[in-house]
Amino acid sequence: MAKVLVVTSGKGGVGKTTSTAAIGAALARDGEKVVVVDFDVGLRNLDLIMGAERRVVFDLVNVAQGVAKLSQALIRDKRLESLWLLPASQTRDKDALTDDGVRDIIADLRTKFDWVICDSPAGIERGATLAMRYADEAIVVTNPEVSSVRDADRIIGMLDSKTVKAEAGEQMKKHVLITRYDTGRAARGEMLSIDDILEILAIPLLGIIPESQDVLKASNVGSPVTLNDAASLPARAYTDAARRLNGETIAMMVPTEQRRRFMDRLLGRRAA
Amino acid sequence: MSLNLLQFIRRRTGSAPVARERLQILLAHERGLRSQPDLLGVLREEILAVVSRHVALDPEKVVVRMDRGETVSTLEVDIELPNGFDKRIAVAS
C-alpha cells in the first residue's frame, strides 16, 4: 500500500528539499517506486536538486487545474527507473492550489507509487498546510539551533491538528530528521545535542545528517546526495534513514569525519 | 555568588545548555497557547460585554494583558471609564 510522506519544518533553509531528494532516491535505489512532489509553488527547487530543471513541461498546478494529465507532468529520473518527480509551478499565484485539487492528485499518485514524498514549502501558510494535509507520515527536519527547533515544534502541533489523519482522530506518525549536525561542536556544548532536541520535540529520531560539503557538491551538479556520492557521510546517513522509514532496524550512528578518515586509511581510499 | 557559579559553568560547557533551557520555557508556553487560541482576545471581548452592560465605555480603552512568569502568570485588565458615568452602579458594586 502506498505511503504518503510529508517533509516539513516550518523554518526555511533547514534541508527539506535536500532531504526529500536524498531519501526519495535512496528508497528508489532499494527498489521502491517513488515520486517526489514539490509543493513550493512559486519557488520550486526540487527540480534543480534532482537535476531535472530543463525537463519540466507541466507541473502540479497544471494537473490540479486540469490543464495537463498527471502522466504528462511526471518526470522520470535519468538515473533511477523507479524515481519520479512532480514539479511545482513557478506561478506567483498563491491560491493556484486548491484543497480538492491536491486531494485528487494525492489519491491518484497513491495508486501508482509505493511512496509519495511531499516536499513542503517553509512557513505555516496554505502551501505548507496543503503539503501535509493528506499525508500518512511526516518527517520534521530541524537543525540543532533554537529557531529551527521552535518552528519544528509548531509544525508538530499542526501535524496533530490540521491533517486529514488528525481530524479523523488517528495518530499521525512523525519522525525528526536532524540535519547539519556537527558532532564536535555538540560535544563541546556549542550546539544543541541530539538528546536535547529529542527531549524537547518528543518524537522519534529518523536520522542524523552531518554537516558536510558533500551536500553542496551534490546540489551543484543536480544529483540527490545519496546518488552523487553514495559513500559520503550524508549519503550513508540518508540511506539509513530511508531504510528505517521502510521498517528496517538500523543502529543510529553519528557519522564523523574522523571515522571517515580512519575508514579511508583502512581501506586505502584517497581522501575526496 | 550562585549567579557567578552559573556563569562559570556556562562558560565551561558552552551555550547549548542556555539554548535548551530557553527553548524548554518558551515551548511550554507556546504549547499551552495552542489549545486555547487567542485566549486574550476572547477574554477581552467577554469582559467588554459584561462591563458595557452597566457602563458605557470606549472599547479602545479596554486593555487585557498577560504576563507569563515561570510559576505564576498574571492577568491585568485595565478599563478606562469616562468621567460622569452612572454613579449608582459604582456605589452598588
Side-chain angles (χ1 to χ4, degrees), chain A residues 8-11 14 123-125 128-129 132 140-163 166-167 169 172 174 176 178 180-203 205 208 211 254, chain B residues 1-50 59-60 62-79:
Chain A
T8 185
S9 69
K11 192 174 183 299
V14 297
I124 53 170
E125 302 300 321
T129 53
M132 69 169 67
V140 179
V141 184
T142 188
N143 295 159
E145 176 273 328
V146 286
S147 55
S148 151
V149 175
R150 177 200 208 173
D151 291 358
D153 190 76
R154 183 88 189 272
I155 283 291
I156 290 170
M158 289 175 64
L159 288 165
D160 286 334
S161 61
K162 306 222 162 152
T163 53
E167 284 171 5
M172 161 76 82
K174 302 172 292 285
V176 62
I178 300 170
R180 309 199 72 161
Y181 191 72
D182 185 325
T183 315
R185 297 193 71 187
R188 289 193 296 275
E190 296 166 10
M191 188 182 250
L192 285 168
S193 70
I194 301 296
D195 288 342
D196 289 343
I197 298 169
L198 295 182
E199 190 192 328
I200 290 167
L201 295 181
I203 59 173
L205 178 63
I208 306 158
E211 168 83 69
V254 188
Chain B
M1 147 82 193
S2 67
L3 189 68
N4 287 342
L5 189 67
L6 205 64
Q7 281 168 345
F8 177 71
I9 292 167
R10 276 178 186 170
R11 207 170 295 136
R12 283 288 301 267
T13 58
S15 53
V18 184
R20 185 183 57 201
E21 198 184 310
R22 288 178 59 220
L23 265 175
Q24 279 169 334
I25 292 169
L26 174 72
L27 293 181
H29 288 319
E30 288 188 346
R31 285 171 187 157
L33 284 180
R34 233 178 259 155
S35 50
Q36 33 185 213
D38 196 22
L39 174 66
L40 286 192
V42 174
L43 277 176
R44 188 180 176 281
E45 288 310 308
E46 291 193 10
I47 290 170
L48 191 65
V50 170
E60 296 295 305
V62 178
V63 179
V64 179
R65 204 177 292 126
M66 181 88 90
D67 194 8
R68 290 169 210 290
E70 211 155 311
T71 50
V72 181
S73 298
T74 57
L75 180 68
E76 188 184 326
V77 184
D78 192 348
I79 305 175

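In what follows, chains carry the letters A, B, and so on, assigned in the order in which the sequence lines appear, proteins first and then strands, with residues in each chain numbered from 1. The analysis underlying the following values was restricted to heavy atoms, covering all of them including side chains, and did not include hydrogens, waters or symmetry mates. Please read all numbers here as calculations on a predicted model, not as lab measurements.
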* Asked: Do A:D153 and B:L23 touch side chain to side chain, with heavy atoms closer than 4.5 Å?
  ->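 Result no, sub-4.5 Å side-chain heavy-atom pair not found.
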* To do: Measure the CG-CD distance between A:D196 and B:Q24 for me, rounded to the nearest 0.5 Å.
  =>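 It is 7.5 Å, given to the nearest 0.5 Å.
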* To do: Determine which residues belonging to residues 145-152 of chain A lie within contact range of chain B, meaning some heavy atom pair is under 4.5 Å apart, and list them by number or answer 'none'.
  =>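 Within residues 145-152 of chain A, the residues under 4.5 Å from chain B are A:V146, A:V149, A:R150.
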* Are any non-hydrogen side-chain atoms of A:T142 and A:I178 less than 4.5 angstrom apart? ->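 Counting from C-beta outward, A:T142 and A:I178 do come under 4.5 Å.
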* Check whether any side-chain heavy atom of A:I124 lies under 4.5 Å from a side-chain heavy atom of A:I155, and answer yes or no. =>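 SC-SC contact between A:I124 and A:I155 confirmed.
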* What pair of heavy atoms forms the shortest contact from A:I200 to B:R31, and how long is it? ->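 Shortest heavy-atom separation between A:I200 and B:R31 comes out as O-NH2, 2.6 Å.
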* To do: Would you check if the side chain of A:T163 reaches a backbone N or O of A:A166 as a donor-acceptor pair within less than 3.5 Å?
  =>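 Indeed, once roles are kept as given, a pair shorter than 3.5 Å links the two residues.
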